[in-house]
Student: 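Could you have a look at this structure, given as structure tokens, before my questions?
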Amino acid sequence: MKQAQTVITISTRGKGLVPIDRPVLSWVAEQEIGTGLLTLWCRHTSASLLVQENADPDVRTDLEAYFETIAPEDPSRYVHGMEGPDDMPAHLRTALTQSGLTIPLAGGRPVLGTWQGLYLFEHRAAPHRRQVVLHLLGD
Amino acid sequence: MKQAQTVITISTRGKGLVPIDRPVLSWVAEQEIGTGLLTLWCRHTSASLLVQENADPDVRTDLEAYFETIAPEDPSRYVHGMEGPDDMPAHLRTALTQSGLTIPLAGGRPVLGTWQGLYLFEHRAAPHRRQVVLHLLGD
Amino acid sequence: MKQAQTVITISTRGKGLVPIDRPVLSWVAEQEIGTGLLTLWCRHTSASLLVQENADPDVRTDLEAYFETIAPEDPSRYVHGMEGPDDMPAHLRTALTQSGLTIPLAGGRPVLGTWQGLYLFEHRAAPHRRQVVLHLLGD
């Protein structure tokens, strides 16, 4: 049983879903672990991780619009405003999604379904550089 | 330290919570691992995993009704409609719940609380066959 | 590769976010594991785990207010009422957040970002004693 760990940095262009399959899967492939457990951890409270359909881009559009609605950018609703009107909704959207994902590995690959894509969900309006820790355990 | 992995298939009857404790716990028991980590992964973007009360069936009814309300089936709200009016809400409900669960194991059993049941949450209107990967690590 | 496991009990004072970094991190430090995987599991269906900003206390206030709004305490909405008007909303808020968290460990510490705090989110109105299982795997 061995372990591997790294940190990848994802540049975002403001709010929205950024596909991260490519850097994650290529790092996993390099570790030469067949069966095991892959864990991703997003080190921020205003960006999160999401697994979603990677086929029709409209799904992404609807997801982004939905989170705008469910945790709206409306300063009158929040006490916390000192980091900008998009900050508190960003925390709420993070709370409703995930900071971490743990996915089994089989045959050297995460067992994602055909349509499951890995995304970093940027919740702030401005571009950011986000750190995602990748941890792999197995043999 | 050893690993075990399998895939179980859950038949759903359309929208709703399907208890999956039985197949999960019986597979875990067969692996003869005392202390470790159990990970479940649902390989779909329109069905998810949920841990909820397994005592009063009304809780299940209310949970199902709640997700109908919070991510409603209303085509006028979504761009993505080509897979049917229930597909986009299914993606949203998946995003608000979980694709994966990781639960410690003690004494050969997941450390679930007395009232914690494991459910597959089917979000599509039609019956589906859903794959859930089970991964166990420990000794 | 070794494992360690314990259960911590968190006393809550009714609804709200209770910081749990201190008991979690001090137990982790005692295990002398450098690289690995830390898993927390909350053994209840009306309390959950949340990772959120630990800097401005207003964030916590807004998070608590938000979950009051999104899954309101309104008996007319729910069938399940026999455990009190705060019970069904507690289940919904648990469903929208997490029962478990899995965080990689580096240099003997969870790889939390600077502003990421670990919280137990009590969803019931009355004080409770909540069990959180901690599991550590690594070397």
Side-chain angles (χ1 to χ4, degrees), chain A residues 1-8 36-49 67 69-72 74-85 87-104 123 128-139, chain C residues 1-3 17 33-41 48-71 92-107 109-119 121 135-139:
Chain A
M1 189 85 51
K2 60 177 186 170
Q3 296 188 89
Q5 194 162 303
T6 195
V7 185
I8 58 172
L37 208 54
L38 169 68
T39 299
L40 291 79
W41 187 262
C42 178
R43 305 185 70 222
H44 307 276
T45 58
S46 55
S48 55
L49 300 173
F67 280 91
T69 311
I70 199 177
D74 171 0
S76 73
R77 297 179 183 229
Y78 312 117
V79 182
H80 174 77
M82 67 186 181
E83 293 170 71
D87 193 57
M88 194 57 223
H91 293 315
L92 300 178
R93 293 167 199 186
T94 299
L96 293 173
T97 51
Q98 262 110 74
S99 298
L101 293 174
T102 297
I103 313 170
H123 301 301
H128 278 75
R129 287 170 62 78
R130 301 302 196 173
Q131 290 190 332
V132 178
V133 176
L134 307 183
H135 175 269
L136 194 51
L137 177 73
D139 47 27
Chain C
M1 191 84 52
K2 61 176 184 171
Q3 297 189 89
L17 290 157
I33 290 180
T35 305
L37 208 54
L38 169 68
T39 299
L40 291 78
W41 186 263
S48 55
L49 300 173
L50 197 71
V51 175
Q52 264 301 327
E53 178 173 311
N54 55 15
D56 180 4
D58 286 348
V59 170
R60 230 191 285 182
T61 306
D62 284 338
L63 271 162
E64 292 166 3
Y66 177 72
F67 280 91
E68 287 291 327
T69 310
I70 199 177
L92 299 178
R93 293 167 199 185
T94 299
L96 293 173
T97 50
Q98 262 108 75
S99 298
L101 293 173
T102 297
I103 314 170
L105 209 76
R109 290 178 59 86
V111 297
L112 295 165
T114 313
W115 312 112
Q116 284 184 317
L118 299 172
Y119 294 93
F121 203 165
H135 175 270
L136 194 51
L137 176 73
D139 47 26

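Every chain is numbered from 1 and lettered A, B, ... according to where its sequence line falls, protein lines coming before strand lines. Since we're looking at a predicted model, the values are computed, not measured.
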Student: Using heavy-atom distances under 4.5 Å, tell me whether C:Ile70 contacts chain A through its side chain, its backbone, both, or neither.
Tutor: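 The side chain, not the backbone.
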Student: Are the side chain of A:Gln3 and the backbone of C:Thr35 linked by a donor-acceptor contact shorter than 3.5 Å?
Tutor: yes
Student: State, with a plain yes or no, whether a side-chain heavy atom of A:Ser48 is found less than 4.5 Å away from one of A:Cys42.
Tutor: no
Student: Picking from C:Ala106, C:Gly36, C:Pro110, C:Pro57, which has the most non-hydrogen pairs under 4.5 angstrom with chain A?
Tutor: C:Gly36
Student: What part of C:Leu63 lies closer than 4.5 angstrom to a heavy atom of chain A: side chain, backbone, both or neither?
Tutor: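 Its backbone and side chain both get close to chain A.
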Student: C:Leu50, C:Asp56, C:Asn54, C:Thr61: which one forms the most heavy-atom pairs within less than 4.5 Å of chain A?
Tutor: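 Counting heavy-atom pairs under 4.5 Å, the top option is C:Asp56.
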Student: Write out, in numerical order, the residues from residues 91-101 of chain A with a heavy atom short of 4.5 Å from a heavy atom in chain C.
Tutor: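 Contacts with chain C: A:His91, A:Leu92, A:Thr94, A:Ala95, A:Leu96, A:Thr97, A:Gln98, A:Ser99.
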Student: Just verifying a value: how many Å separate C:Ile103 CD1 and C:Thr39 OG1, rounded to the nearest 0.5 Å?
Tutor: 8.5 Å
Student: With a 4.5 Å limit on heavy-atom distance, are the side chains of C:Val51 and A:Trp41 in contact?
Tutor: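 They are in side-chain contact.
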Student: Start with the C-alpha distance between A:His44 and A:His128, add both sets of side-chain angles, then the distance that settles side chain to side chain contact (heavy atoms under 4.5 Å, CB included), and finish with yes or no.
Tutor: CA-CA 11 Å; A:His44 307 276; A:His128 278 75; over 6 Å; no
Student: Quick check on the interface: out of C:Asp62, C:Leu105, C:Leu112, who has the most heavy-atom pairs with chain A under 4.5 Å?
Tutor: C:Asp62
Student: Going from OG1 on C:Thr102 to CG on C:Leu37, what distance comes out if it is rounded to the nearest 0.5 angstrom?
Tutor: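 Those atoms lie 5.5 Å apart.
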Student: Please identify, among A:Gln131, A:Arg77, A:Met1, the residue contributing the most non-hydrogen atom pairs under 4.5 Å to chain C.
Tutor: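 Going by pairs under 4.5 Å, I would pick A:Met1.
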Student: Counting a contact as any heavy-atom pair under 4.5 Å apart, which residues of residues 132-139 of chain A contact chain C?
Tutor: A:Val133, A:His135, A:Leu137
Student: Please round to the nearest 0.5 Å and tell me the distance separating atom OG1 of A:Thr45 and atom NE2 of A:His123.
Tutor: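 Here the rounded value is 10.0 Å.
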Student: Is A:Pro89 close to A:Tyr78 at the side-chain level, that is, under 4.5 Å between some pair of heavy atoms?
Tutor: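 Side chain of A:Tyr78 against side chain of A:Pro89, heavy atoms only: contact under 4.5 Å found.
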Student: For C:Gln116 and C:Gln52, indicate whether the former's side chain and the latter's backbone hold a donor-acceptor pair under 3.5 Å.
Tutor: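 No, C:Gln116 side chain to C:Gln52 backbone: no donor-acceptor pair under 3.5 Å.
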Student: Can you tell me how far the CZ atom of C:Phe121 sits from the CD atom of C:Glu64, to the nearest 0.5 Å?
Tutor: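 The CZ atom of C:Phe121 sits 6.0 Å away from the CD atom of C:Glu64.
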